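None of the values given here were measured: they were computed from a predicted structure. The analysis underlying the following values was restricted to heavy atoms, covering all of them including side chains, and did not include hydrogens, waters or symmetry mates.
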Amino acid sequence: MKKSIITPSGYKIAYVEKGTGDPVILIHGFTGNTGAWTETIEKLGNHYHTYAYDLLGHGETVMADNDSVGETALADQLYDFITCLDLHNVTVIAHSLGCCVLYQYVLKYGCKNWKAMIMADMTPAMNTSDDWTLIAAGGFGSRSALQAMEDDYYGYMRSFFYVGLPTEGLSEEDKEKMFLEWYHMLEPQLVKKVLASCQPDYRHALELITVPAAYFYAAHSEILPHPDQIAEEYRKRITKIPIELVPFDCTEHPFPELHNEEFVKKVESFIEKNK
């Protein structure tokens, strides 16, 4: 059952939790919600106090004022979540666009209240530049994707759903039902603002990380071309602390869900090494 907290600025963060002990926070990706972590929470909650929350515009988190969402809103939401629940020495785990929450947080708050961090399958810069071309296939998450959402939000989200979410084996009727349920869990104005806030080149944020870190990635990714080169960027940029590169022998971007047993096992190994 979902719970909620009201932050000092007056908005509601919806979340789920399980277990006791050392705190672990799970941060889902673009267009997801706490449901993306159902199996992970169930398993990690047997050993740790595990939390997952809905990002702004996703799931059941409700803003008091949508117009107040700015460039660091994702970082502020995580900070509010940690401080409202009085959490300390947290292991933060983010997947896909959820990693931008961590990048923003590091830039604004450092690694305050963190003990360790795991980033999963995300490029640290979503737009091309003179020295960076390792962006997602089809420009997902980039400024061109943001423009496509502005031009035709429904059409873009429908295309994104059928390309990006696992629907294999479902009937057309079940796919359509799943799409509508997913679509109505998203708040268009906020979803676009969330994506807009993630446009900066965050490679310099990696250089500010001061807690043990790991980068988990699909070694044969269909979404992120040249995954080993992206992993090497993490290794090159994160120098203040140990960085562990953890490849998964798969192609799927949502491997935390699709290869959950392996994912949880590697998460637990990382947490125990960094107690």
Side-chain angles (χ1 to χ4, degrees), residues 1-3 15-29 32-55 78 81-82 85-103 105-106 111-122 124 166 206 209-221 223-224 227-228 230-232 234-235 238 240-275:
M1 180 181 296
K2 277 193 182 178
K3 302 180 179 181
Y15 71 99
V16 294
E17 66 175 313
K18 180 187 175 184
T20 60
D22 295 338
V24 174
I25 296 177
L26 305 168
I27 304 171
H28 65 76
N33 55 62
T34 59
W37 297 111
T38 300
E39 290 187 45
T40 304
I41 293 168
E42 186 65 27
K43 292 170 184 170
L44 286 182
N46 292 325
H47 305 286
Y48 312 103
H49 199 156
T50 306
Y51 301 85
Y53 67 91
D54 289 336
L55 291 177
L78 176 56
F81 187 75
I82 289 173
L85 293 175
D86 194 27
L87 302 179
H88 304 277
N89 296 318
V90 179
T91 297
V92 286
I93 302 173
H95 174 240
S96 192
L97 194 86
C99 293
C100 290
V101 179
L102 305 187
Y103 307 148
Y105 190 101
V106 168
C111 294
K112 186 176 182 180
N113 295 316
W114 294 0
K115 179 173 67 176
M117 64 189 297
I118 296 173
M119 298 157 285
D121 223 44
M122 180 62 184
L206 303 180
I209 293 172
T210 57
V211 296
Y215 178 61
F216 289 15
Y217 64 103
H220 315 290
S221 176
I223 299 296
L224 296 177
D228 288 331
I230 294 174
E232 177 60 19
Y234 282 90
R235 188 203 64 75
I238 300 176
K240 297 182 186 301
I241 41 75
I243 169 68
E244 186 175 341
L245 303 180
V246 183
F248 285 69
D249 187 18
C250 65
T251 61
E252 303 97 337
H253 179 59
F255 63 82
E257 303 164 68
L258 300 179
H259 301 277
N260 188 255
E261 185 174 347
E262 180 185 5
F263 177 76
V264 170
K265 183 177 180 180
K266 290 182 176 180
V267 165
E268 290 181 337
S269 175
F270 175 79
I271 292 174
E272 292 305 308
K273 278 190 290 186
N274 294 286
K275 273 197 167 184

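- Glu257 approaches Ala36 most closely through the heavy-atom pair CG-O, 3.2 Å.
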>> Determine whether Asn260 and Thr40 satisfy the following criterion, side chain to side chain contact (heavy atoms under 4.5 Å, CB included), listing intermediate values before the conclusion.
In response: CA-CA 7 Å; Asn260 188 255; Thr40 304; 2.8 Å; yes
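- Annotation: side chain of Ile82 is in contact with side chain of Tyr105 (closest heavy-atom distance under 4.5 Å).
- With values rounded to the nearest 0.5 angstrom, Trp114 atom CH2 is found 7.0 Å from Ile209 atom CD1.
- Contact check on Glu268 versus Lys265 returns no salt bridge, with no Lys/Arg side-chain nitrogen under 4.0 Å from an Asp/Glu carboxylate oxygen.
- Taking each heavy atom of His253 and Asp121 in turn, the nearest pair found is ND1-OD2, 2.7 Å.
- Taking CG of Asn46 as the reference point, atom CD1 of Ile41 lies at 12.0 Å (rounded to 0.5 Å).
- To the nearest 0.5 Å, atoms NE2 (His49) and CD1 (Ile25) are separated by 10.0 Å.
- Nearest approach of Phe270 to Ala214, heavy atoms of both residues: CE1-CB, 3.6 Å.
- More than 12 non-hydrogen atoms from other residues, nucleotides or ligands lie less than 6.0 angstrom from CD of Glu272.
- Annotation for Ala218 and Phe255: closest pair N-CE2, 3.5 Å, computed over non-hydrogen atoms.
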> Run the side chain to side chain contact (heavy atoms under 4.5 Å, CB included) check on His47 and Asp22 step by step: do they pass?
Replying inline: CA-CA 8 Å; His47 305 286; Asp22 295 338; over 6 Å; no
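- Side-chain contact between Leu87 and Asn113 is absent, with no heavy-atom pair separated by less than 4.5 Å.
- Note that CG of Leu26 is 10.0 Å distant from OG1 of Thr91, once rounded to the nearest 0.5 Å.
- Interatomic distance, Thr210 OG1 to Lys112 NZ, rounded to the nearest 0.5 Å: 13.0 Å.
- A donor-acceptor pair is defined here as one N or O able to donate and one able to accept, closer than 3.5 Å; such a pair exists between the side chain of Lys18 and the backbone of Glu42.
- In this structure, Tyr51 has its ring center at least 6.0 angstrom away from the ring center of Tyr53.
- The two residues Lys115 and Val211 make their nearest non-hydrogen contact at O-CB, 3.5 Å.
- The backbone N or O of Ala219 lies less than 3.5 Å from no partner atom in the side chain of Asp249, so there is not a single donor-acceptor pair.
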>> Using the rule given for side chain to side chain contact (heavy atoms under 4.5 Å, CB included), can you reason through Tyr215 versus Ile230, listing the C-alpha separation, both sets of side-chain angles and the distance that settles it, and then say yes or no?
In response: CA-CA 10 Å; Tyr215 178 61; Ile230 294 174; 3.7 Å; yes
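- Taking every heavy atom of both residues into account, Ala116 and Asn274 meet most closely at CB-CB, 4.5 Å.
- Classification of the Phe263-Phe216 ring pair by plane angle, with boundaries at 30° and 60°, yields perpendicular.
- The pair Glu262-Lys266 meets the salt-bridge criterion, with a side-chain N (NZ, NE, NH1 or NH2) lying under 4.0 Å from an Asp/Glu carboxylate O.
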> After noting the C-alpha distance and the side-chain angles of Leu97 and Leu55, does the key distance pass the side chain to side chain contact (heavy atoms under 4.5 Å, CB included) rule?
Replying inline: CA-CA 11 Å; Leu97 194 86; Leu55 291 177; 6.0 Å; no
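- Once rounded to the nearest 0.5 Å, the distance linking OH of Tyr234 with OH of Tyr217 reads 12.0 Å.
- Residues Asn89 and Pro23 form no side-chain contact, since every pair of their non-hydrogen atoms from C-beta on lies 4.5 Å or further apart.
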